[in-house]
Each structure stands twice: as structure tokens, then as C-alpha cells.
Amino acid sequence: MGAVLVVDDEVTVLEATTAMLSASGYDTYPARSSADALQALARHPAIDVVVADVTLAGDDSGVLLARRLAHSAWPGALVLVSGDSEAGLHTEDRPPHSLFLAKPYSRRTLLHAIDHARQLGKQPAAAPGNPRPPGAPARQP
């Protein structure tokens with residue numbers, strides 16, 4: 001089905017999410033920080049979707065990871081997740097192939113978000129001055 005990197009500093013959330021995705025047929029890789037995530041992406045080039053919590057320990061964050069991915073050659077897609085419903089409004093600098101998912105989410109919602117992100121990852125990135133990739137849905141307020 002694909003390979004998914006899950007980034008969360010809360011061990012129980014990380015373990016539950018990776019177990020659920022594994023049971024759904026995905027190859028899963030856990031990471032507890034953006035640095036761990038970048039190392040996992042370097043070791044496992046088949047990873048095509050990253051699911052990252054917006055808020056990680058210390059000064060680390062899923063948004064920081066998003067910035068790093070936006071400036072890398074990684075061709076995959078990103079799903080940023082957070083229990084803070086306003087966190088999705090503050091991610092303007094995330095990669096073009098990304099979306100936001102509010103916690104708590106159901107198994108079905110997460111699987112749908114991963115599938116949607118994978119489809120976004122297949123689209124060309126937005127050109128400068130173009131707010132979204134061709135064919136991408138408009139942002140919801």
C-alpha cells in the first residue's frame with residue numbers, strides 16, 4: 001500500500017498510530033522528532049507520506065519538519081496533525097503537497113487523509129505566484 005513515517009513525541013500516540021497503519025497494510029516507520037524523521041527518510045526512500053504532529057517536544061515541531069521538507073528533494077506528501085484546531089491556520093510555509101488533520105481523528109479519517117496526501121504528492125508543485133498546484137482543491141477557511 002505504501003510507506004508512512006509517523007512523527008509524534010508522545011510514545012502512546014506514536015505506537016498506536018504506527019500499529020493502526022501497519023494493520024491497514026502500510027509499511028510504517030516511527031520518529032519522535034523532526035531530526036529522527038529526516039534520518040528515517042534518508043534510510044527509507046520508499047516513504048511517500050509523513051504524518052507529523054504539529055507540536056513536538058522542545059523547540060521542535062511538525063511545521064519545522066515541513067519547512068525542511070519543503071526545501072529538500074523529498075517527493076512525498078505531508079499530513080500535519082494537531083489537537084489545536086487553530087494549528088492548521090498557521091502552516092502557510094508547509095510544503096505544497098500537504099494537508100492538515102485535526103485530532104482526535106478516526107482510523108477512517110486518517111486513512112482517507114493519507115490517501116488524499118498521496119494523490120497530492122502525484123501532482124506538480126505550484127508555480128511561483130500560483131497559490132496551489134494545478135487541480136488541487138481550494139483551501140478551506
Side-chain angles (χ1 to χ4, degrees), residues 1-58 60-141:
M1 285 193 71
V4 179
L5 174 64
V6 180
V7 186
D8 201 306
D9 61 335
E10 293 184 40
V11 175
T12 54
V13 173
L14 183 63
E15 291 175 350
T17 305
T18 55
M20 186 271 297
L21 292 173
S22 291
S24 298
Y26 288 99
D27 293 329
T28 58
Y29 302 91
R32 295 190 62 199
S33 69
S34 61
D36 290 346
L38 293 171
Q39 290 174 359
L41 287 167
R43 286 190 313 268
H44 306 285
I47 294 171
D48 58 345
V49 175
V50 173
V51 176
D53 194 359
V54 169
T55 306
L56 300 171
D60 200 6
S61 73
V63 175
L64 175 62
L65 175 61
R67 288 180 189 151
R68 290 176 176 162
L69 292 176
H71 293 95
S72 75
W74 181 65
L78 177 70
V79 177
L80 289 168
V81 299
S82 179
D84 177 3
S85 62
E86 294 196 17
L89 303 177
H90 304 291
T91 56
E92 292 300 319
D93 52 354
R94 64 186 187 201
H97 299 134
S98 64
L99 54 97
F100 177 79
L101 181 62
K103 288 180 179 179
Y105 46 78
S106 67
R107 174 185 174 273
R108 182 178 185 190
T109 301
L110 178 59
L111 293 174
H112 177 61
I114 290 170
D115 184 52
H116 185 207
R118 183 170 278 117
Q119 295 303 315
L120 287 176
K122 293 178 182 177
Q123 296 178 1
N130 187 358
R132 58 190 164 93
R139 288 176 43 111
Q140 297 296 318

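None of these values were measured; they are calculated from a predicted model. Residue numbers run from 1 in the order of the sequence given.
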Shortest non-hydrogen contact from Ala46 to Ala3?
O-CB, 3.5 Å
Shortest non-hydrogen contact from Val7 toward Ala37
CG2-CB, 3.7 Å
Would you call Lys103 and Asp53 a side-chain contact if the rule is heavy atoms closer than 4.5 Å?
yes
Donor-acceptor pair, distance only, cut-off 3.5 Å: does the side chain of Trp74 make one with the backbone of Leu38?
no
To check you understand the geometry: which heavy-atom pair defines the closest contact between Ala113 and Val79, and what is its length?
O-CG2, 4.0 Å
To the nearest 0.5 Å, atom CG of Leu78 lies from atom CZ of Phe100 at 11.5 Å
Among all residues two or more places apart in sequence or in another chain, which pass the ring pair (Phe, Tyr, Trp, His ring centres under 6.0 Å) test with Tyr29?
His44
For Thr55, give me all partners under side-chain contact (heavy atoms from CB on, under 4.5 Å), at least two apart in sequence or on another chain.
none
For a quick test of your reading: what N or O donor-acceptor pairs under 3.5 Å do the side chains of residues 12-21 make, sequence neighbours left out?
residue	atom	partner	partner atom	Å
Thr17	OG1	Val13	O	2.8
Thr18	OG1	Leu14	O	2.9
Thr18	OG1	Glu15	O	3.2

Taking the side chain as every heavy atom from C-beta outward, state whether Tyr26 and Leu111 have any pair of such atoms under 4.5 Å apart.
yes
Could you tell me the separation between the CG atom of Asp48 and the CG atom of Leu5, rounded to the nearest 0.5 Å?
11.0 Å
Are Leu41 and Leu69 side-chain neighbours, meaning at least one heavy-atom pair lies under 4.5 Å?
yes
Out of curiosity, Gln119 CD to Leu99 CG, how far, rounded to the nearest 0.5 Å?
11.5 Å
Between Val49 and Ala117, the two heavy atoms sitting closest are CG1-CB, 4.4 Å
Using the test side-chain contact (heavy atoms from CB on, under 4.5 Å), find all partners of Arg108 that sit at least two apart in sequence or belong to another chain.
Ser106
Please report the shortest heavy-atom distance between Gly62 and Leu80, naming the atom on each side.
O-CD2, 3.6 Å
Set of residues satisfying side-chain hydrogen bond (donor to acceptor under 3.5 Å, both in side chains) with respect to Ser22, sequence neighbours excluded:
Thr28
Could you tell me which non-hydrogen atom of Leu65 sits nearest to which non-hydrogen atom of Ser34, and how far apart they are?
CB-CB, 3.7 Å
Taking only residues two or more places apart in sequence, or in another chain, which ones meet Asp9 in a salt bridge (charged side-chain N to carboxylate O under 4.0 Å, His left out)?
none
